[in-house]
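All remarks here apply to the structure that follows.
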Amino acid sequence: MDKTITEGAESLKEEPVDGRLVCVHDFETAAAARLPLMALDFYRTGATSQVTLVENRRAMRRWYILPRLLRDVSTRSLGTSVFGHSLRLPIAIAPTAFQKMAHPMGECASASAAGRHGTVFTLSTVATSSIEEVARSAPNTIKFFQLYIYKDRSLTEKLVRRAEEAGFRAVVLTVDSATVGIRRADIRNGFTLPPHLKLANLDSTSDKGTLSDRGNGGSSINEYAKNNFVEGITRKDLAWLISVTTLPVVVKGILTSADASLALQAGVAAVWVSNHGARQVDGVPPTIEALPHVVAEVNGRCPVFVDGGFTDGSDIFKALALGASLVFIGRPVLWGLACAGEQGVYQVIEILKRELDNVMTNSGCRTLSDITRDMVVRRDQFSKL
Ligand SMILES: Cc1cc2nc3c(=O)[nH]c(=O)nc-3n(C[C@H](O)[C@H](O)[C@H](O)COP(=O)(O)O)c2cc1C
Ligand SMILES: CCCCCCC(=O)C(=O)O
């Protein structure tokens, strides 16, 4: 065990959380006051005009919950399972890049917090903590590894091997990033990674260029991706990944039933409905609206995950009713990290867990399987009921 990391993690666990932060939005406001502008903008913004960014949140309101009353809900459980692993709740952590911009313990802190809640942490390829560091600091957390496919196939395969050897439980292939979206704030800010941080899963000889090079596009992110990532992942790449790993492969970034069907044909273990936090194509549907289409196509053949704009327990309830097995959160974790490291992430998940439990209690649901499709209705259909 790496002593520095363990000692760091122990002491940072004690970081106090301001008791006035009672919802995810409070954490977001507090994080915005603490983070340097370049990091804050990288975390919070979406692609181009950010219409989908707003829609991800707004669309949650278009769904109404229809509570079922006159039921005994005195004992409840939020427990579920994924790929044979038991989870204590259906809320999990999505991959987000560069978490050490929010807190010195970065991804290690988030992974630990997920483990303390008995849920999944997903590590980004472009993390600021390595696969091995995260495995050492959160040995009991169920960890997934998110993969970007590098032009250098052997480098890509080595990343997968390292994740397998470090005890990660699934590989999540992000397929919605043929090229990185245009994020205007990053261009204005001339985004570069702070010099004390690095892409911890890569050594500077294996990938091309660094995140200190802005190139012509203004943001080092677009430049790095252009130099390193395969431009447009195909079915062949998906089939290749499934053939080289023993781990379940999850496909992340699906928004249509047609693509869900292709992914299923390729043999994925789960489909992850996502618009990448509205950071890729502006104008794509909000994920809560895409979800029912994908669930209908998948028709129980594999689990369906979802992310994008989930900041309240009631949002999570709606996604579960629409057929999601797990709901992932991206930015809320970054806000928790920025406010109070591991403890902040723990608290953000705790808040969402309590809110979900509260909605379940008041809606007549003792377990997740009690949350059924007929418990939500789209606002425009409500009058027709
Ligand atoms: C700052 C930031 C960095 C991200 N980095 C990655 C990444 O490295 N890999 C990936 O597949 N998705 C990445 N995403 C997308 C998230 O995994 C997730 O789809 C999205 O954040 C969910 O929306 P939410 O932030 O509204 O919860 C990133 C999102 C944000 C906000
Ligand atoms: C370092 C090059 C690409 C980073 C992309 C991270 C990401 O997915 C994001 O949304 O930002």
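In each ligand, atom 1 is the first atom listed, and ligand 1 is the first ligand listed.
Remark: ligand 2 atoms within the under-4.0 Å shell around heavy atoms of Ile221 are 2 (C), 3 (C), 4 (C). Of all atoms in ligand 2, listed by their number and element, those nearer than 4.0 Å to a heavy atom of Phe42 are 11 (O).
The protein heavy atom nearest to atom 1 (C) of ligand 2 is Tyr224 CD2, 3.6 Å. Nearest to atom 8 (O) of ligand 2 among the protein's heavy atoms is Tyr148 OH, 2.5 Å. Scanning the protein for heavy atoms near atom 6 (C) of ligand 2, the closest one is Ala97 CB, 3.8 Å.
Proximity annotation for atom 11 (O) of ligand 2: of Gln146, Gln280, Arg183, Arg183 comes nearest, heavy atoms only.
Taking every heavy atom of both residues into account, Ser274 and Gly277 meet most closely at OG-N, 4.4 Å.
Other cluster members for Val120: Val82, Phe83, Leu87, Ile142, Phe144, Val172, Val250, Trp272, Phe305, Leu326, Phe328, joined by side-chain heavy-atom distances under 4.5 Å among Ile, Leu, Val, Met, Phe, Trp and Tyr.
Salt-bridge check for Arg136 with Glu133: failed, with every basic side-chain N at 4.0 Å or more from each acidic carboxylate O. Of the charged side-chain nitrogens involved, at least one lies within less than 4.0 Å of a carboxylate oxygen, so that Arg62 and Glu55 count as a salt-bridged pair. Arg378 has a carboxylate O that lies under 4.0 Å from a charged side-chain N of Glu289, or vice versa, which qualifies the two as a salt bridge. Salt bridge status for Asp357 with Arg76: present, with a side-chain N to carboxylate O gap under 4.0 Å. Of the charged side-chain nitrogens involved, at least one lies within less than 4.0 Å of a carboxylate oxygen, so that Asp237 and Arg153 count as a salt-bridged pair. With respect to Arg331 and Asp307, no salt bridge is recorded, no charged nitrogen being found less than 4.0 Å from a carboxylate O.
In this model, no donor atom of one side chain and acceptor atom of the other lie less than 3.5 Å apart for Glu342 and His103.
Closer than 4.0 angstrom to ligand 1 lie heavy atoms from Phe42, Tyr43, Ala94, Pro95, Thr96, Ala97, Ser124, Val126, Gln146, Tyr148, Thr174, Lys252, Ser274, His276, Gly277, Arg279, Asp307, Gly308, Gly309, Ile329, Gly330, Arg331, Pro332, Leu334.
At least one N/O-N/O distance between Arg279 and ligand 2 falls below 3.5 Å.
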